[in-house]
Every structure is written in C-alpha cells, then in structure tokens.
There are 2 protein chains.
Amino acid sequence: MSQISELKKSDTKRDGKKTQDDIVYAHIFDAILEQRLSPGTKLNEESLGEIFGVSRTIIRRALSRLGYEQVVVLRPNRGAVVACPTIEEARQIVFARRVVEKAVMELVCDNAQKKQLEQLRQMVRDEQACFDRGDRGAGIRLSGEFHLLLAEIANNPPLLSFQRSLVSLCSLIIAQYESGAKSHCSYDEHFELIDAIAGKDKPRAVSLMMHHLDHIEEKLSLDDEIATDDLKAIFSHVRNPR
Amino acid sequence: MSQISELKKSDTKRDGKKTQDDIVYAHIFDAILEQRLSPGTKLNEESLGEIFGVSRTIIRRALSRLGYEQVVVLRPNRGAVVACPTIEEARQIVFARRVVEKAVMELVCDNAQKKQLEQLRQMVRDEQACFDRGDRGAGIRLSGEFHLLLAEIANNPPLLSFQRSLVSLCSLIIAQYESGAKSHCSYDEHFELIDAIAGKDKPRAVSLMMHHLDHIEEKLSLDDEIATDDLKAIFSHVRNPR
DNA sequence: CATACTATAATTGTATACAAAAAAGTCAAC
DNA sequence: GTTGACTTTTTTGTATACAATTATAGTATG
C-alpha cells in the first residue's frame, strides 16, 4: 500500500489547530463523500496507520467517530467496514434528511446574508466546473458540501452535525443504488434553490429541496428487489426438505 | 474517590454483548440525565479510570463518544468537561429538538402498536412513582427516556441517535437554567401525549409536544439577562481609559 | 503586596507491547 | 473433493510507558 502523506507535527501545524485524528477522519470522510471508498470496504487499522503514518491509536479514534456517525460500521472484534445501508435503512436515512433539510431551508431563508448567498453560488459554480472537466469525485463531494454549507448558514450546530452524518450516508446510498450514468444531484437544482432562498420564498425553497431528495428515493424504488443482498429472500422458493 | 464497581470480564459478559466503553459511556450518560453531573464538571481521565476500574484507553473512548454527542466538551490538551450550553446554544438545541420531536410524533402516530402504547404508559407510571417517592433523579431520567422510547417507536435509527444527544443536552439546559422547584417535565403531559397517539390524532399530538417544549424555552427567556456569563456585556458600562 | 518567572507536578496525547479473538491455512479422514 | 479438527497467522482490544502540554506552587523582584 502506498503512503498518501506522513502526518508529522509540521503538517499538523500547517493544517491549523486540527489534531491528527481530525485529519485522518477528514480524509476518510472525504473519500466516502467522493465515492472513492465503496460501501462494504474493510478498513484495516494497521494499513490505515501505515498510509497516514500514525499509530493505530489515532486510526481507532477516527474510526470510532465515523462509527458514531454511522458512516462506518464497527463490528466488535471484527473491525470496521464502510456502511452498506439496506433499502430499508436508506429510506429511513432519506426520511431523516427530509426532516433536517426542511428545517435548515426555513432557517436559511430567514437568516441568509448577501455574502452567504454569494458563497453558495460560488460553491455551485465550482461544482459545475468539476463536472464539466470530468472530475466526478470532486463534483460529488462539492454537491454534498453545498448541503453542509446550507446547514452552516442555518446557524444551528446540532442540526449541522446531524446533517454531516446524513449527507455522507446519502453519498453511500447513491454509490450503492445509483443505476444509470445520470448524475445524482444536478447543480441546476442547486442554482434554483439559491434563487428561492434569495427571494425568501420559503414554500418554494422547501418544495424544491423535497423534490431534490425525491431523486435519491426514486432509485431505491426502482432497484427495490434487484439490489438486495438478503439471501433468505433470494432463496425463499427453496424448500428445506428436512 | 470511591469505586462504583470494577468492570471485569465477568461483568461485561453479564451485561450482554456490551463492551467496557459502552458501560462507562452509559454510566456517565445516565449521571448527566439524572443531573448528578452538573454542567461544567471536569472529567478527569485517571479518576474515572479508577472509579470504573479500567484504563484511560476505555475512558477516552467513552469521553470522545460523549464529545461527539456534544454533551461533553473536549478541549484539546485541557481535558473534558460536562457541557454548559449558553442561552444562545440552548435555544438552538431546543429548536433542533422541536424539529425532531415533530417528525417522531408523526411517525409514532402512524406506527404505534398497542403493545408499544402500553410500554409508554408503563414508563410514565414508573416516572410518576419515582417523583411520588421523592426520587427526583430517577424521575428526571425516566422523563428523558420516555422521549427516547418515542424515538425508538418511530423506528428511525438516525433520528433516535440524534434524539439521544438532544435529550441529554436538554437535561443539562434544565439543570443550568431551572429556577423554581417546579418539575420541568410533568408526567401528566406525558399521559396526554399517549392519549393523543392512541387516538392517532397527529395535530394534537404534535401541538402537545410543542407545548411541552415551550416549558423549557420559557425558563430561558425569564433568565435571559441574569444567567449570562458574558463578562463583556456585564461590564459594558466600564470605559477603558486607554 | 502584587507581579513575573521558574521549577515542579498533574494531565493529556501518542506509540507500543501484549492479550484475546477471529481468520486463514494445513492436513488427515472419509 | 469435501468436511472437520487443529495450528498458525492476522487483526482487534486493552493496558501501559513515555512524550508533550498545561496547571500549580514557589520564589525572587520591584
């Protein structure tokens, strides 16, 4: 396995006041958001330690944080794997996200300053640029970060922290169930959202957001039976002769 | 400091498949829910290790989980303290809780089975019994656990996990800002909520819940200027002569 | 007496060693 | 060729040692 970059003291200082496990956490989080890490991938502690140039202590801290966010599943004595939400779980996650995004949208319509609207627009322009130049990974990440920026503008730290977890989980869901080549979260819709916010049109902003989330959920319905890994269901027609 | 109980392997096994840090986490969480741990209390790693009979490794894991839930604040190099939400933060937490409780209530009205209604009623009876016999700590904890049981019945794990964080934070807010002797969350209101759920009366259930949360927020408005620790505001009339 | 400075103690951060558990491999028996 | 018991290797869980940082006490100085 190749070394990404040894995180030495000097790096830590350059990165601000972030501690080493924050950095490891951020790298893994980004990899998930960019869909470079697929659902189900085993996250070996020692390998990760070598990659980042730190001891397992740091890796374990980062993994347990990801585990708390449910992006990673920690199986006792059996290590950590990137989460593979079932369709049932995916529906619950999207539902939770509807709840949060609605609240965020209403707060943002009330609070958003001109400067923040420009920040949002810039981020969507970046997102567009990424897709245009074919950098799908970065595009997907920025698409997720757009929703995180909305939660930040809503100015409610608990909701933001919950949103982090939900956005990364949705990224996994899309990775697992996206069938066609169609991009999952188009920037046009993001521009429309910004317009609604700028016009302080709460009902329209919320309805656009709900529509936005419908796209994710539609894929779940389509793939309903196909994508399942429930062996019992797959072989339900086989009768046990005993 | 006295030893509560050494958590040895045997205990761990008796407690099911919970690992040691789960147990430490649960003990601290309960202490916060019962308001035996006050906002601002320093949580020394070595002391906690002695109390629970485990090494700092385990304590640190439990603390970082509590830190993720924001119930405990982890100050780099300066240790962990029980969170002291400011009034501003308290408002944000209560807002987030309104959002979650509304969604939970609607799900519960749709899904609740007879058996679960009885479970809810039993819990509120227990709560009432605690207050009647003067066990305020356990009463407060059960009051919080009632709301967690609702989130469980809503059958949405992400929302449940968020609710855990919000309920414990609210317990801290109440500990910090509760002025009178009046109990913060009366069981009568819980019985009313159950009735609304049993009648599948969504609007009433939601409105009762919002009213329930108003009680917490009212205290914040009352103590608005008094309880603040913003030194700059307190001494704003003092002119700096330089 | 207050303040700044230094030495010391206490506490947190990280790496590592070892124990415990799970996974992978070996090989004989059928 | 498959199955099952045994051994070895790998991986995770926990304690501990040491380094880095912060807090405390003591001391000298104005």
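Order of the sequence lines sets the chain letters (A, B, ...), proteins ahead of strands, with each chain counted from 1. Computed from a prediction, not measured in an experiment: that's the story for all the values here.
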* Asked: Is the backbone N or O of B:Gln119 less than 3.5 Å from a side-chain atom of B:Gln122, with the two atoms forming a donor-acceptor pair by type?
  -> no

* Just how far, in rounded Å, is P of D:dT12 from CD1 of B:Ile58? -> 16 Å

* At under 4.0 Å, does any side-chain N or O of B:Lys42 touch on OP1 or OP2 of D:dT22? -> no

* Does B:Arg78 place a side-chain N or O at less than 4.0 Å from the phosphate oxygens OP1/OP2 of C:dT12? -> no

* Does OP1 or OP2 of D:dT14 have a side-chain N or O of B:Thr57 closer than 4.0 Å? -> no

* Structure fact -> By nearest-nucleotide position on DNA chain C, the 5'-leaning member of A:Asn77 and A:Ser55 is A:Ser55

* Without swapping roles, check the side chain of A:Ser143 against the backbone of A:Gly139 for a donor-acceptor pair under 3.5 Å. => no

* To do: On DNA chain D, check which nucleotide each of B:Arg61 and B:Arg75 is closest to and give me the residue with the more 5' one.
  => B:Arg61

* Structure fact -> What one should report as the nearest heavy-atom pair of B:Asn155 and A:Glu88 is ND2-OE2, 4.4 Å

* Could you give the CD1-to-P distance, from A:Ile59 to D:dT11, as a whole number of Å? -> 14 Å

* To do: Take the protein atom CG of A:Leu74 and the nucleotide atom C1' of D:dT11, then report the distance between them rounded to whole Å.
  => 15 Å

* Atom CZ of B:Arg60 and atom P of C:dG13: how far apart are they, to the nearest Å? -> 4 Å

* Asked: Strictly by modelled atom types, are A:Gln163 and A:His147 linked by a side-chain donor-acceptor pair under 3.5 Å?
  -> no

* Answer yes or no: does a side-chain N or O of A:Asn44 lie under 4.0 Å from OP1 or OP2 of D:dT11? => yes

* Would one find a side-chain N or O of B:Gln20 under 4.0 angstrom from OP1 or OP2 of D:dG13? -> no

* Structure fact -> A:Glu46 CD to C:dA23 C1', in whole Å, measures 15 Å

* B:Asp21 has an atom CG; how far is it from atom C1' of D:dT14, in whole Å? -> 10 Å

* To do: Report yes or no: does B:Glu101 contribute a side-chain atom to a donor-acceptor pair with the main-chain N or O of B:Val99 at less than 3.5 Å?
  => no

* Structure fact -> When rounded to whole Å, the CD to C1' distance for the pair A:Glu45 and C:dT14 reads 15 Å

* To the nearest angstrom, how far is B:Arg56 atom CZ from C:dT16 atom P? -> 17 Å

